[in-house]
Amino acid sequence: MIAKVPAWIKTLPAYAQPGAQAVYDRGTTQDVIALVNDYKRSAGITTPAAPAPTPVPKPPPAGAEDLTPVGSRRVAVTPRLPDPNDFAGAFAGAVAAMK
């Protein structure tokens, strides 16, 4: 198929021929692929769609059966002394000390 591309380039408009020939002669891989795809489109050549790859399930990591979830318990932390920067707390502490 690639051998037919130079003849196809000669059928392109004059302004497109130098660019297409440059891509054919010394273009990057992506540019040459695009040029061949353009040739295929203009020639009506279709390629069958590649089948979608089937996903392969990943095996569990080694030692995964030894892992157990860690439980969590939330403990509310209550201050033992009233905050001295809090007026209400300081007053409550002073009243408690007077008793």
Side-chain angles (χ1 to χ4, degrees):
M1 179 180 308
I2 194 74
K4 297 179 181 180
V5 174
W8 171 73
I9 291 174
K10 292 177 183 174
T11 66
L12 294 175
Y15 65 87
Q17 288 180 13
Q21 190 64 47
V23 168
Y24 182 79
D25 292 337
R26 57 189 175 281
T28 65
T29 303
Q30 291 82 10
D31 292 339
V32 173
I33 290 171
L35 182 70
V36 171
N37 286 337
D38 289 342
Y39 164 73
K40 288 179 182 179
R41 255 192 311 275
S42 71
I45 300 171
T46 59
T47 56
T54 55
V56 178
K58 291 183 180 179
E65 60 276 354
D66 295 336
L67 299 175
T68 56
V70 178
S72 64
R73 293 190 319 194
R74 293 184 180 222
V75 179
V77 178
T78 54
R80 295 184 182 198
L81 299 174
D83 184 7
N85 295 324
D86 180 23
F87 177 77
F91 185 78
V95 170
M98 290 181 9
K99 292 185 180 182

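Everything quoted here is computed from the prediction, not taken from an experiment.
- In terms of heavy atoms, Leu35 sits closest to Val5 at CD2-CG1, 4.1 Å.
- A search for side-chain hydrogen bond (donor to acceptor under 3.5 Å, both in side chains) contacts involving Thr28 returns Asp31, not counting sequence neighbours.
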All N/O donor-acceptor pairs, side-chain side in residues 6-17, below 3.5 Å, sequence neighbours left out:
{"residue": "Trp8", "atom": "NE1", "partner": "Ser42", "partner atom": "OG", "Å": "2.8"}
{"residue": "Thr11", "atom": "OG1", "partner": "Trp8", "partner atom": "O", "Å": "2.5"}
{"residue": "Gln17", "atom": "NE2", "partner": "Lys10", "partner atom": "O", "Å": "2.9"}
{"residue": "Gln17", "atom": "NE2", "partner": "Leu12", "partner atom": "O", "Å": "2.7"}

